[in-house]
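Ligands are counted one by one from 1 in listed order, and the atoms in each one are counted from 1 as well. Excluded from the calculations below are hydrogen atoms, water molecules and symmetry mates; all remaining heavy atoms, backbone and side chain alike, are included.
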Amino acid sequence: MNKRILLICLLLATTILRLDAQEKCYTAIRRAKKVSEKPELKMIFEQKEQVLQQILADKSYAKRSNIIVPIVVHIVYNLDTENISDEQIHSQIQVLNDDFGFTNKNKLDVSHAFYKYCAASGIEFKLANTDPTGNPTTGITRTKTDKDIWKKTEFEDVKFTDYGGINSWDPTSYLNIWVANLDDSSDVLGLTIPPDELSSYPEYDGLVIRHEAFGTMGTAGTNGFPFANLGRTVTHEIGHWFNLHHIWGDTLCGNDMVADTEPADSANHECPTFPLHPKNSCGSSENGEMFMNYMDYSSDTCMNMFTIDQIERMKATISLYRSKLLTSKGYSMARIEENDLLHYYEIHPNPSNGTFHLRTTKDTDIQAVVTLVDILGNTVKTFGKATNNTLLNCDDLPNGIYFIQIQKDAFSKTLKVILNRE
Ligand SMILES: [Zn+2]
C-alpha cells in the first residue's frame, strides 16, 4: 500500500469513527451519568416507567387531540450572529407543527411498509403569548451573555441567570427551549430533561439546542452541521421531553418501550436506504430498522415519522407528568382574538388633505397604540391609544407617503397613507 492510499484509508477510517462516535443528542448520556452518580435513581426511574406502562395498559389517559403546548424560546447569545432572528424561531415552530401534525412534506408514501404506523399526534406548539405574570409576550426572551461558548459540562448552566443564562418560566405551564452556542468541539446538537425528573429538578426542565440546529433558516445547518438544517433536532428532543427513548433503546438491541418501532441494534446516521438491516440480530422484520423515525440519529432530511405507539406514550406522559399544560395560561385564545381585531382597522379618506379617520369595522375597543411613520422609518407622530372613530390630525406635516402603525401587544398592522393637499 503506497502512502497516498494509506492516507485515504486513514481519512476514511476517521470519518467512519466520527460517525460511530457521533452523539448528536446528550439526553441519554446525561441520564446515564446521573444514574452512575446516584445508583438509586435507576430503581426510581424503573418504578416510574411501571406506572406509565400501567396507564398505557389501562388506556387511562386523556386522548384529546387538541393539546396546545406554549413554548418560550430563550435566546442566549454572545455574538450577534447567535442572536437568531424571529423568522428563524418561527421556522422552528412550523417544523414542530408539521412533524407532530403529520403534515411534513417528506412523509412516507402510502405504499411504504411503515406508513401504517404513522399518525398525527394531536399536539400543537405555539409561542407563548402570555408570560408567567399574565402580561403579553412574543414567547421569545433574548439574553446577552459574557460566555462565548457553553462547554459540555456547562450545557445546563444556560438555564440559570446566575451562570450567564436565564432562568426558566414555570415548566409545568411552558416548554422552555434555550438556544445557545454549544461547544463546536462536541457533536451535540441538543439535550432534554425527561419528564420523570420534573418533580425533582423543575428548574432544569426543558431543552437546550445549539443555534445551528434550530429552525430551517439563518444559522440552521451552518458551522459544520449541514445534517441538522431542518429543525428536527427539536422534534427529536421534544420526543424525549414527552418520554420517548431512542429507537435502539440506548444499548445494543435495547428496548425503547414502544411496540411498533422495529428493534434496532444502534443509532443510524445520515440517510440509509430502505430496507435497512432486514431481519437483524435484534429481531427486526423484513422491513428492517426504522431509521426515518424522529427518535433515531438520521439526518434531518431523512427523518419523517413518529409511530402510533410513540404518540400513545407521549399522550400518557402528558397525563402522568405534564397535565398542567392542558390548563396553561401561556397561550391565550382570547388574546389572539383581541389581536386579530387589528385587521378590522381601516383608514379614510386615503389620500387625505390633512386628517385621517381611523375606524374599525368590528364594534370593539382594543385600545391600540397608533403612530405615524415616514418613508425612512422615523416616527413623526404618536397618537397614543386610538379607538374606533379616531381622527388623526396631520395638518402640520408636508405632503408625502406615510405609514400608520396600529400596535397592540406583540401584534401590529401597518397601513400606507398619502397626504396630498391641493
Ligand atoms: Zn436523543
Name of the residue among Thr219, Asn223, Asn83 meeting side chain to side chain donor-acceptor pair (under 3.5 Å) with His211: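 Checked Thr219, Asn223, Asn83 against His211; only one passes side chain to side chain donor-acceptor pair (under 3.5 Å): Thr219.
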
Measure from NZ or CZ of Lys107 to the centre of the six-membered ring of Phe102, then state whether that distance is under 6.0 Å and the direction lies within 45° of the axis.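 Output yes; distance and angle both within limits.
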
Whether Lys151 and Asp157 form a salt bridge (side-chain N of Lys/Arg under 4.0 Å from carboxylate O of Asp/Glu) is what I want to check.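 Looking at Lys151 together with Asp157, the answer is no, because their closest N to O distance does not fall below 4.0 Å.
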
May I ask you to say whether Arg30 pairs ionically with Glu156, meaning some side-chain N is under 4.0 Å from a carboxylate O?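 A salt bridge links Arg30 with Glu156.
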
Is the gap between the ring centers of His246 and Tyr297 under 6.0 Å?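 Between Tyr297 and His246, which both carry aromatic rings, the centre distance is below 6.0 Å.
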
If every non-hydrogen atom of Asn78 is compared with every non-hydrogen atom of Thr145, which pair is closest and at what distance?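 Closest heavy-atom pair between Asn78 and Thr145: ND2-O, 2.9 Å.
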
Distance filter under 2.8 Å, centred on the Zn ion (ligand 1) - protein N, O or S atoms that pass it: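 You should have found Cys25 SG, His236 NE2, His240 NE2, His246 NE2.
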
